[in-house]
Amino acid sequence: MSNGVKQRLAVSLVFCCTALFFGLSQANADKYEHLTQTPPLGWNSWNHFGCDVDEKLIRATADAMVKSGMKKAGYEYVNIDDCWHGERDANGNIQADPKRFPSGIKALADYVHKKGLKLGIYSDAGWTTCAGKPGSRGYEFQDAKTYAEWGVDYLKYDWCATEGLKAEGAYMTIAKALKQTGRPIVLSICEWGDNDPWDWAPPLGQLWRTTGDIYACFDCEYDHGTWSSWGVLQILDMQDGLRKHAGPGRWNDPDMMEVGNGMTTEEDRAHFSMWAMLAAPLIAGNDLRNMSDVTRDILTNKAVIDVDQDKLGIQGFKYSGKKSVKGVDVWFKPLANDEWAMVALNRNKESTKFKFRWRHEEVKDELSSREIDFNSSIYSWQDLWAKSNSGTTRDDLLVTLKPHDVFMVKLKFDKEWKH
Ligand code: GLA
């Protein structure tokens, strides 16, 4: 054998082994790696409807998602939360509630798929769901098979009635069960951040809740006796320190949105903007069939959705500037093509004057190794809510923020600063 042939053989062998290794490890991974390369966009029934779900609502919601322009803006998943369940049959197969879902979930999935959308469903790692319906404990593989046969595309998997279970193991079981079906199903891990899911969830699921439940208020704790749900600001503050865990195919989930569920327009806008800065899953939680134009315009603001969906998948961060304004948080999010998003968030209940002297600021992000020195570079900015409003970082920024409102811009490099 000539040296050339030997060399080529060696190269092919290395290539084969590498391909085999990656092929096998991909096949053995407990999730489909290609899903949710950007945060999932969709709708879920829980925040507005609670247990009051049926097939008519889900169909009408899919219709509304198309008609409202949400599908065009990128929304894809129509997710049924708790309470779709009936009993298990004699063979242990889970069935839908025959009164609420007389046509069954398969027919519903077909309907949703025909609209070019995807269907999500909900279960729980414990004996029962949080609303007391049958959980998947002991039926994980059987349930996953049923969901796949129905054509389900997304599973939110909750954590009630799980005494004695270890979260990592329980979610590994359902991840393996889903993988084994051969159908790419997104796994939304929902154990409220109680067991540091960011440390073990990335190989198992595409998203994991980081907190307890959200509540439709901007700044509050809602005490249910043994547990609390949280306002937008409270949930936002709980994301501190988690951004390093997020990225394409693995997202921190600060819970589904409350846009359109009773907060003011400014609060809804701020909530939506901050979820985009967090690269959060954007799962609407309102009644899509009857939403106002204002709500629809917030949910379909393409420029803000683009910030969320930026392909780098880098979660934004709170910036401590040289000079701060009391009650106003400044956030930055590095985007592709050397662009950035920036938000000034007014936590105050009063209108607040916000001044930002760009040229005195230097933004450094160690996680993404990105930085801007506004003293040596000029950026142009475009307001993502008041679309006609734009400017450059050469001039100081002075805006009056309404109570609980945001100022949100996208920054593009313009030129070097000539002093
Ligand atoms: C838990 C979850 C919620 C919702 C309910 C349903 O509280 O965190 O998002 O799914 O259960 O019962």
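As the structure lists them, so they are numbered: ligands from 1, and atoms in each ligand from 1. Just so we're clear, the structure is a prediction, and the values are computed from it rather than from any experiment. Note that these values count all heavy atoms, side chains included, but never hydrogens, waters or copies made by symmetry.
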Sorted by first residue and then second, give each salt bridge (Lys or Arg N to Asp or Glu O under 4.0 Å) pair with at least one member in residues 298-315; sequence neighbours left out.
Lys302-Asp306

Do Tyr77 and Asp153 meet the criterion of a side-chain donor-acceptor pair at a distance under 3.5 Å?
no

Suppose the criterion is salt bridge (Lys or Arg N to Asp or Glu O under 4.0 Å): which pairs have a residue in residues 160-172, not counting sequence neighbours?
none

Among all residues two or more places apart in sequence or in another chain, which pass the ring-ring contact (aromatic ring centres under 6.0 Å, His included) test with His85?
none

Residue pair Tyr319 / Asp365, side-chain donor-acceptor N/O under 3.5 Å
no

State whether a side-chain donor-acceptor pair under 3.5 Å links Asn252 with Gln239.
no

Residues with a heavy atom under 4.0 Å from ligand 1, by chain and number, are Trp46, Asp81, Asp82, Tyr122, Cys130, Ala131, Lys156, Asp158, Cys190, Trp192, Arg209, Asp213, Met256

